[in-house]
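Convention: sequence-line order gives letters A, B, ...; per-chain numbering from 1.
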Amino acid sequence: MTEAIDLLDERLQALANPDDDSDWAAVRKARRRPLRLAVAAGSLALAGVVGVGAALGLYRDVLPFTSLQPAPAPVVRSFAGLDLFAPPGMATGVIPGEARKVLELRLSTGKNWTMWVAPTRSGGFCMPSGCDRDRSLSFGPGLAVPGPVSPTGKILAPPVIFEGSTLIHGASTLRVEFEDGSSVRTPLVWVSAPVDAGFFVYEVPEAHWAAGHRPVALVLEDAEGKELARNTMIPRGLAQLESGRLH
Amino acid sequence: MSPERQRSHDAIKKHQHFSPPFIVDTRERAIESLYRERYVRFRNTLATITGSYDSARDAVQEAFLRALKQRRSLRDEQALEMWVWRIALRTAYEFRRNGSAPETPSDPRVEPMPVEAERDAALADALRRLPPRRRLIVFLRYYADLTYAQIAELCEVSEGTVAATIAQAQAQLAQTLRKDEVTA
């Protein structure tokens with residue numbers, strides 16, 4: 001009997017899957033995600049966009065939201081996690097199963113930055129960077145610095161990203177203004193109901209991280225170049241970061 | 001500070017990633033070490049609950065994420081591994097309840113249970129025929145490499161029950177294998 005059990009032990013061990021597909025970086029990344037989600041009912045945002053719409057040449061059109069690529073299970077779970085421990089009245093009401101890929105930006109690092117959007121039950125929407133649960137933010141830009149930052153606030157590696165959303169229907173472009181007087185434009189991607197909002201993503205080039213060249217304003221423009229909304233608070237975050245005021 | 005300014009401030013702070021030595025979190029390091037050393041054991045064991053290696057992988061990722069978030073609630077650092085195992089088992093059962101359950105097999109008495117079946121089809125089949133609770137205990141012993149005492153703690157039974165369960169499982173497996181071999 002003992003021999004039989006020993007043999008069984010060996011056979012059991014041999015049956016285990018030895019492949020190691022572990023990914024600690026993914027655990028850490030997922031850990032940061034809810035923080036980003038909690039950040040900004042107002043923080044959404046970006047410039048050489050390569051979005052879902054860009055590939056189709058549809059920037060000036062409204063993409064049918066429900067026809068966009070559905071989010072994979074981990075993203076759906078991430079959205080679902082938003083309301084897991086939400087106190088009464090604080091739940092976003094996000095509908096995770098309806099999440100879609102709205103934008104994808106190729107970063108200077110070679111990686112892709114994907115903006116997933118999921119509608120909420122109250123007519124708003126959530127992105128990985130925040131929720132506008134009740135459609136209260138006409139222009140909601142945000143700043144993301146996901147890479148390492150030195151103790152003095154110096155950004156050590158890309159990317160630096162503005163991303164966000166708008167409900168201003170005439171908006172077609174985001175203009176990023178810099179301290180040196182230059183500016184760049186990036187198109188918005190509009191999606192249909194149930195989200196019915198415009199989205200943008202812009203990676204700030206390394207040349208514009210330094211004093212004298214940093215972003216100073218994010219401006220929404222219509223197709224004629226008319227200014228519809230302006231935000232100077234979010235871009236100032238870069239300067240504040242280095243001055244240590246955010247530490 | 002205005003609400004918008006506060007949001008901006010918070011947004012930027014939360015997007016920063018500071019590396020040690022500025023913040024040294026020993027508990028986080030311990031969780032990371034456990035993950036790196038025992039990932040395969042966790043995944044292989046949870047697979048018997050979730051029904052596939054893919055969903056088991058997701059469950060392990062989620063379990064360690066939860067462990068990281070809840071690490072300050074751990075009172076005894078010496079008990080870290082068992083604490084993470086408890087989270088992992090709960091997460092796997094949750095995954096199973098929420099739709100990551102295995103596909104329904106054609107034989108209702110048989111639960112799908114991922115192992116490298118092609119290496120030993122007879123044993124894989126015999127394992128599938130074990131009652132789920134007994135099979136989990138076998139997996140905790142053989143694939144998680146936990147002691148009887150640790151399994152007893154996790155499953156909230158006595159060590160004697162664990163020993164008896166494993167002995168019964170071994171006997172049942174051996175009997176099934178013998179029967180299958182004779183039939184073959």
Side-chain angles (χ1 to χ4, degrees), chain A residues 1 4-5 7-9 11-24 26-28 30-36 38-43 73-74 77 80-81 129-130 140-151 153 155-156 161 231 233-234 236-238 240-241 245-247, chain B residues 2-5 7-19 22 28 31-32 35-36 39-44 47 53-58 60-62 64-65 67-69 95 98-100 114-117 119-120 122-124 127 138-139 141-143 167 170-171 173-174 177-178:
Chain A
M1 183 65 179
I5 296 300
L7 179 61
L8 188 60
D9 289 357
R11 287 175 67 173
L12 276 167
Q13 292 300 341
L15 210 52
N17 179 356
D19 296 342
D20 186 347
D21 56 354
S22 61
D23 186 354
W24 179 251
V27 176
R28 292 196 56 154
R31 176 188 168 198
R32 290 203 297 269
R33 201 178 302 135
L35 292 178
R36 298 183 58 212
V39 168
S43 73
R77 279 200 294 276
S129 56
L143 171 63
V145 185
V149 177
S150 80
I155 298 167
L156 300 175
I161 289 169
N231 182 298
M233 184 99 55
I234 294 294
R236 273 207 305 268
L238 272 183
Q240 291 171 338
L241 184 64
R245 274 180 282 164
L246 291 179
H247 285 217
Chain B
S2 72
E4 190 182 3
R5 189 179 171 82
R7 274 200 301 275
S8 163
H9 175 277
D10 289 346
I12 295 162
K13 278 197 80 167
K14 287 172 178 176
H15 281 98
Q16 295 169 31
H17 169 223
F18 294 95
S19 300
F22 307 104
E28 180 175 338
I31 292 171
E32 180 180 352
Y35 178 93
R36 292 188 188 283
Y39 168 81
V40 172
R41 291 180 183 179
F42 273 91
R43 186 205 55 207
N44 287 352
Y53 284 125
D54 280 348
S55 52
R57 181 180 192 274
D58 289 347
V60 176
Q61 299 291 101
E62 177 65 24
F64 275 84
L65 174 61
L68 276 181
K69 288 178 178 172
F95 271 45
N98 295 340
S100 303
V115 285
E116 298 292 276
R119 293 186 196 155
D120 195 336
L123 180 57
L127 278 171
V138 169
F139 271 51
R141 177 72 194 104
Y142 286 97
Y143 298 142
Q170 286 171 333
L173 286 173
L177 290 172
R178 269 199 305 274

**Prompt:** Would you call D21(A) and R43(B) a salt bridge, taking side-chain N to carboxylate O under 4.0 Å as the test?
**Reply:** yes

**Request:** For each of Y35(B), F64(B), F42(B), tally heavy-atom pairs with chain A at distances under 4.5 Å, and name the one with the top tally.
**Result:** Y35(B)

**Item:** CG-CZ distance between L65(B) and R77(A), expressed to the nearest 0.5 angstrom
**Value:** 11.0 Å

**Message:** Can you tell me how far apart CG (L68(B)) and CH2 (W24(A)) are? Round to the nearest 0.5 Å.
**Reply:** 4.0 Å

**Request:** For residues L123(B) and L12(A), determine if any side-chain heavy atom of one lies less than 4.5 Å from a side-chain heavy atom of the other.
**Result:** yes

**Asked** Within a strict 4.5 Å, meaning less than it, do heavy atoms of the N17(A) and V40(B) side chains meet?
**Response** no

**Prompt:** Just by distance, do the side chain of N44(B) and the backbone of A16(A) share a donor-acceptor pair under 3.5 Å?
**Reply:** no

**Prompt:** Is a donor on one side and an acceptor on the other found under 3.5 Å between the side chain of Y39(B) and the backbone of D23(A)?
**Reply:** no

